[in-house]
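All chains are named by letter (A, B, ...) in the order of the sequence lines, taking the proteins before the strands, and each is independently numbered beginning at 1. No experiment lies behind these values; they were computed from the predicted model shown.
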Amino acid sequence: MKWSQTLIPTLKESPSEAEIDSHKLMIRAGLIRRITAGAYAYLPLGTLVLNKVITIVREEMNRAGAIEVFLPALQHLDLLKESGRLKVFGADLITFQDRHGKETVLSPTHEEVITYIVKNEINSYKQLPITLYQIQTKFRDEMRPRFGVLRSKEFIMKDAYSFDIDEKGLNNSYQLMYDAYCRIFDRCGLDYIIAEADSGAMGGDASHEFMVPSPVGEDILILCQNCGYSANRERAESAPFSPQENPSKEKVKEIFTPGKHTIAEVSDFLKVNPMQMVKTLIYSSHDQLFAVLLRGDHEVNETRLAGVLGLDSVELANLETIERVTGAKTGFAGPVGLKMKIVADHAVAAKSNFVTGANKTDYHLLNVNPERDFKIDQVANIRYVTKGDNCPRCNHVLEISQGIEIGHVFKLGTKYSIALKAHYLDADGKEKPKIMGCYGIGVNRIIAAIIEKSHDDNGIIWPMSLAPYHIIIIPVNVKDSICMDAAKDIYDDIRAMNGIDVLFDDRDLRPGVKFKDADLIGIPIKIIIGKKYTETKEVEIKLRKSGEVSFVRMENVRQELERILKNQTKI
RNA sequence: CGGGGCGUAGCGCAGUUUGGCUAGCGCGCCUGCCUUGGGAGCAGGAGGUCGGAGGUUCAAAUCCUCUCGCCCCGACCA
């Protein structure tokens with residue numbers, strides 16, 4: 001492609017709309033332009049990269065035996081009602097009424113649609129297993145789109161869905177996708193971490209997130225550098241604290257703490273470290289009340305809490321309920337004398353002589369001890385991991401970092417197949433629900449993640465596999481016909497090479513501008529034809545990543561390129 | 001959705017507090033000259049509903065009311 005014939009609008013200055021490097025560079029390098037909040041146009045260069053990612057994804061999905069389909073972006077609201085996810089997505093759904101008044105939704109995801117199809121078209125165990133996938137735009141009315149294509153209202157996702165006759169089949173399908181994901185991200189040149197994840201709104205029981213560690217990532221990642229344990233914030237647990245040996249249990253003392261109802265206020269007032277305090281949260285689930293005890297500096301993980309109690313959801317009790325069951329204003333709840341089930345975090349069970357609410361307005365208790373002063377009904381890991389926690393597997397200190405979620409695999413089980421009645425007949429003629437898995441990849445996010453991890457002050461540094469063009473040819477002076485003819489010859493020669501995309505910067509601009517642009521748009525290999533060519537018939541080949549330079553004669557250009565392409569790690 | 005900020009040429013911004021010449025600057029763009037190895041120089045030029053609507057005033061980018069859009073922090077989130 002000749003630069004003069006395509007559209008690559010590079011910018012010298014960073015646009016004010018962008019905060020993070022990948023976003024700035026995607027705009028400056030002319031990959032994207034914002035059309036409205038959370039929706040971006042892909043310009044020619046961006047489209048080339050997008051298609052490279054999609055090609056890799058498609059090749060690996062096909063290799064793993066998945067079958068491509070293409071589902072509509074429009075969906076009838078009833079399908080989401082039937083699966084119960086209308087509420088789950090809530091205001092994130094982009095809905096409208098068609099001219100007949102029918103409620104229609106721009107699909108945020110396609111579990112229901114695919115299940116509907118498979119329910120109708122696949123009825124026998126003989127047709128299973130099957131994994132179907134598509135590459136489609138999804139629509140979610142994000143409360144706050146940000147960071148360019150990292151969080152947008154409209155984004156491209158590869159979503160795959162597996163259907164099996166039993167658990168064993170699901171495990172096999174899951175593993176196939178898991179392995180395919182590794183190959184995809186490897187080919188994209190991404191360094192990623194596979195974290196254990198909670199299945200969240202998707203439902204189901206096993207899940208992994210593929211994360212690219214990055215300070216701009218919006219997901220929290222818990223890592224153990226020692227044994228490799230990694231999990232997302234919802235899922236991660238920590239090693240229980242060992243209780244103090246033979247603690248001398250002091251006498252309980254009631255203390256006047258007027259108007260001090262937060263941990264911070266009480267801690268400040270009594271000059272007690274929050275670690276030495278225990279907070280009591282009254283929770284409810286389907287009208288059942290229970291108390292949750294946490295160390296003052298810890299935070300409850302409601303997902304884990306519901307999980308360990310075997311409940312589908314839990315929620316904090318309302319103010320009136322709290323005041324009724326504790327007999328005190330909120331902020332003074334405590335476990336002593338409380339008449340309900342008490343669930344305590346490991347960290348609380350290991351403590352002695354702590355400070356907690358007295359169930360009496362404006363009073364707290366000092367030196368409270370479990371067993372002696374109150375009974376814990378259940379001890380469990382029900383909080384978020386915090387700094388200083390240790391690995392649940394090897395007890396090494398855990399690291400808390402951030403990551404960009406680029407892929408997610410779930411074992412769904414029968415959640416949707418039961419809700420939407422997607423059954424099959426087994427060999428005995430018995431009707432059973434299909435066992436499902438679902439697998440997503442954020443296509444646009446891969447691009448942002450790569451740029452986030454692979455750029456310098458001059459611009460993007462593409463890996464060979466995603467580069468919009470592998471090679472850029474730069475004649476230093478387009479008016480010098482000797483150089484220009486040589487450049488054209490090289491261009492024609494490279495265009496004849498298989499699988500190589502080449503950009504010819506034929507613009508009549510000063511060389512500095514062209515070098516800066518080439519660096520900005522991140523082309524891995526530059527071929528520069530300048531003064532040296534007229535003198536020695538040598539052209540310069542320069543690598544974007546390493547800066548490595550070599551001079552080669554015209555007739556050896558092709559050979560040198562082949563050598564470089566073989567040795568891709570340097571590029 | 002709560003809090004904060006911004007909207008002036010394609011991009012980045014000044015001017016708004018205290019209303020007053022023909023609305024400015026840098027980059028980019030067009031023409032010519034010159035130049036050709038890391039975002040050159042000179043000369044000339046095009047480009048503006050000052051986000052929109054209404055109001056106050058002799059006079060509004062500037063003051064008032066309403067409205068639309070965008071960004072940041074928080075909450076939210078496969």
Side-chain angles (χ1 to χ4, degrees), chain A residues 7 9-20 23-24 27-28 30 33-39 85 88-93 107-111 138 140-148 150-153 155 157-161 195 197-204 207-211 217-220 232-235 303 404-412 415 437-442 445 457-459 474-480 483-484 505 507-520 526-535 539-540 542 547 549 551:
Chain A
L7 176 64
T10 58
L11 261 33
K12 229 189 249 190
E13 285 172 292
S14 270
S16 59
E17 75 189 63
E19 285 277 305
I20 63 171
H23 189 193
K24 287 179 189 165
I27 294 168
R28 283 193 56 210
R33 289 292 183 262
R34 186 177 58 72
I35 299 303
T36 182
R85 285 211 297 177
V88 177
F89 280 106
D92 276 359
L93 289 176
S107 296
T109 175
H110 285 83
E111 277 78 10
K138 311 288 180 188
R140 294 181 194 179
D141 192 359
E142 291 287 345
M143 225 177 270
R144 189 178 162 203
R146 67 181 125 177
F147 299 151
L150 272 187
R151 175 167 296 275
S152 49
K153 291 195 184 189
F155 55 97
M157 179 186 273
K158 185 288 301 174
D159 48 324
Y161 308 91
D198 189 83
S199 38
M202 305 304 294
S207 171
H208 290 90
E209 279 179 355
F210 291 74
M211 310 269 270
E218 294 185 87
D219 293 272
I220 305 285
N232 73 3
R233 186 164 186 255
E234 297 300 315
R235 172 79 178 202
T303 309
I404 300 167
E405 183 188 354
I406 50 170
H408 204 152
V409 292
F410 293 85
K411 288 183 188 174
L412 286 176
K415 179 181 160 86
C438 77
Y439 318 91
I441 287 180
R445 276 188 181 178
D457 290 345
N458 289 318
I474 304 176
V476 166
N477 181 358
V478 301
K479 291 197 179 106
D480 178 338
C483 290
M484 198 57 178
D505 193 350
R507 297 174 300 169
D508 183 10
L509 292 172
R510 295 176 58 82
V513 177
K514 299 211 272 192
F515 292 144
K516 286 287 185 191
D517 267 350
D519 285 349
L520 177 59
K526 281 193 279 284
I527 300 179
I528 303 156
I529 300 102
K531 220 180 276 167
K532 189 151 182 132
Y533 178 73
T534 43
E535 291 160 8
V539 302
E540 175 182 341
K542 185 169 183 180
V549 172
F551 291 92

- [ ] Just compare B:rG69, B:rG39, B:rC72 and give me whichever is closest to any side-chain atom of A:T36.
- [x] B:rG69
- [ ] Would you classify A:D519 as touching base, sugar-phosphate or nothing, given that sugar-phosphate means primed atoms plus P, OP1 and OP2, and contacts are heavy atoms under 4.0 Å?
- [x] base
Task: Separation between the P atoms of B:rG10 and B:rC21, rounded to whole Å - done: 24 Å
TODO: Give A:R445 one of three labels, base, sugar-phosphate or nothing, depending on what nucleic acid heavy atoms sit under 4.0 Å from its own.
DONE: nothing
Open item on the list: Applying salt bridge (Lys or Arg N to Asp or Glu O under 4.0 Å), can you list everything that pairs with A:K542, at least two apart in sequence or on another chain?
Closed with: none
TODO: Mind checking salt bridge (Lys or Arg N to Asp or Glu O under 4.0 Å) for A:E142 and listing every partner two or more places apart, or none if nothing turns up?
DONE: A:R151
Task: Nucleotide nearest A:N477 (side chain, heavy atoms from C-beta), chosen from B:rG12, B:rU36, B:rC76 - done: B:rU36
TODO: Can you tell me, in whole Å, how much space there is between the C1' of B:rC6 and that of B:rA61?
DONE: 15 Å
Open item on the list: Under the rule for side chain to side chain donor-acceptor pair (under 3.5 Å), what residues qualify as partners of A:D505, not counting sequence neighbours?
Closed with: A:R507
Open item on the list: Rounded to whole Å, how long is the line connecting atom NZ of A:K24 with atom C1' of B:rC71?
Closed with: 13 Å
TODO: Whole angstrom is fine here: how far is it from CG in A:D505 over to P in B:rG39?
DONE: 15 Å
TODO: Taking atom C1' in both B:rA14 and B:rC34, compute the distance separating them and give it to the nearest angstrom.
DONE: 33 Å
TODO: Could you go through the salt bridge (charged side-chain N to carboxylate O under 4.0 Å, His left out) check for A:E111 and A:K415 one step at a time?
DONE: CA-CA 10 Å; A:E111 277 78 10; A:K415 179 181 160 86; over 6 Å; no
Task: Separation of the P atoms in B:rG28 and B:rG41, to the nearest angstrom - done: 8 Å
Task: Whole-angstrom distance between B:rA9 and B:rG5, as gauged at atom C1' - done: 23 Å
TODO: If B:rC6 has a Watson-Crick or G-U wobble mate with both distances under 3.5 Å, name it; if not, just say none.
DONE: B:rG69
Task: Distance-only donor-acceptor test (3.5 Å): side chain A:R34, base B:rC70 - done: no
Task: Shortest non-hydrogen contact from A:A91 toward A:D141 - done: O-CB, 3.7 Å
Open item on the list: In whole Å, I'd like the distance from the CZ atom of A:R33 to the C1' atom of B:rC70.
Closed with: 16 Å
Task: A:K24: partners by salt bridge (Lys or Arg N to Asp or Glu O under 4.0 Å), with sequence neighbours left out - done: none
- [ ] Report yes if some heavy atom in the side chain of A:I528 is under 4.5 Å from a heavy atom in the side chain of A:F515; otherwise report no.
- [x] yes
Task: d(CG, A:D141; C1', B:rC77) in whole Å - done: 12 Å
Open item on the list: Taking the nucleotide of RNA chain B with the nearest heavy atom to each, does A:D219 or A:P511 sit closer to the 5' end?
Closed with: A:P511
Task: C1'-based separation of B:rU17 from B:rG12 [nearest Å] - done: 24 Å
TODO: Could you give the distance separating B:rG4 and B:rC11 at their P atoms, to the nearest angstrom?
DONE: 28 Å
Task: Rounded interatomic separation in angstrom, taking CD from A:E540 and P from B:rU36 - done: 19 Å
Any protein N or O atoms within reach of nucleotides 27-34 of chain B? Criterion: under 3.5 Å, listing atom names and distances.
| from | atom 1 | to | atom 2 | distance (Å) |
| --- | --- | --- | --- | --- |
| B:rC27 | O3' | A:K12 | NZ | 3.2 |
| B:rG28 | OP1 | A:K12 | NZ | 3.4 |

Open item on the list: What I'd like to find out is whether the side chain of A:L150 reaches to under 4.5 Å of the side chain of A:H23, using heavy atoms alone.
Closed with: no
Open item on the list: Can you identify which nucleotide, out of B:rC77, B:rC70, B:rG38, has its nearest atom closest to the A:K526 side chain?
Closed with: B:rG38
- [ ] May I ask which nucleotide in the shown strands pairs with B:rG74, Watson-Crick or G-U wobble, both distances under 3.5 Å?
- [x] B:rC1
- [ ] To the nearest Å, give me how far apart CZ (A:F147) and C1' (B:rC77) are.
- [x] 14 Å
TODO: In whole angstrom, give me the gap between the C1' atoms of B:rC13 and B:rA59.
DONE: 27 Å
Task: Residue A:M143, side-chain heavy atoms: nucleotide from B:rA75, B:rC71, B:rG39 that is nearest - done: B:rA75
Task: Beyond-backbone contact of A:H110 with A:Y161, side-chain heavy atoms, under 4.5 angstrom - done: yes
Open item on the list: Is the shortest side-chain heavy-atom distance between A:E209 and A:R235 below 4.5 Å?
Closed with: no
Task: 4.5 Å side-chain heavy-atom contact, A:K531 and A:V476 - done: no
TODO: Using a 4.0 Å heavy-atom cut-off across all strands, classify A:I528 as base, sugar-phosphate, or nothing.
DONE: base
Open item on the list: Measuring from the side chain of A:V513 (C-beta onward, heavy atoms only), which nucleotide among B:rC71, B:rC77, B:rG39 has the closest atom?
Closed with: B:rG39
Open item on the list: For B:rA43, give the paired nucleotide (Watson-Crick: N1-N3 plus N6-O4 or O6-N4; G-U: N1-O2 and O6-N3; both under 3.5 Å), or none.
Closed with: B:rU31
Open item on the list: Under 3.5 Å, is there any donor-acceptor pair linking the side chain of A:R146 to the base of B:rG74?
Closed with: no
Open item on the list: Base, sugar-phosphate or nothing for A:D480? Non-hydrogen atoms, less than 4.0 Å.
Closed with: nothing
Open item on the list: Please tell me if A:S16 has a side-chain N or O lying less than 4.0 Å from either OP1 or OP2 of B:rC13.
Closed with: yes
- [ ] Would you kindly give the CZ-to-P distance between A:R510 and B:rG37, to the nearest whole Å?
- [x] 7 Å
TODO: Hunt down the Watson-Crick or G-U wobble partner of B:rA14, both distances under 3.5 Å, from any strand shown, or write none.
DONE: none
Task: d(CZ, A:F515; P, B:rA40) in whole Å - done: 12 Å
Open item on the list: Looking only at the side chain of A:P15 (C-beta and beyond, no hydrogens), which of the listed nucleotides B:rC71, B:rG37, B:rG12 gets closest?
Closed with: B:rG12
- [ ] Take A:I35 and A:H110, find for each the nucleotide of RNA chain B with the closest heavy atom, and name the residue whose nucleotide sits nearer the 5' end.
- [x] A:I35
What pairs of nitrogen or oxygen atoms, one from the protein and one from nucleotides 2-5 of chain B, lie under 3.5 Å apart?
none

TODO: Return the nucleotide paired to B:rC63: Watson-Crick means purine N1 to pyrimidine N3 with N6-O4 or O6-N4, wobble means G-U with N1-O2 and O6-N3, both under 3.5 Å.
DONE: B:rG55
- [ ] Answer with base, sugar-phosphate or nothing: what part of the nucleic acid does A:K138 contact at a heavy-atom distance below 4.0 Å?
- [x] nothing
Open item on the list: Counting C-beta onward and ignoring hydrogens, is there a side-chain heavy-atom pair between A:E218 and A:R146 closer than 4.5 Å?
Closed with: yes
Task: Any A:E17 side-chain heavy atom under 4.5 Å of A:I27 side chain - done: yes
TODO: Using a 4.0 Å heavy-atom cut-off across all strands, classify A:K531 as base, sugar-phosphate, or nothing.
DONE: base
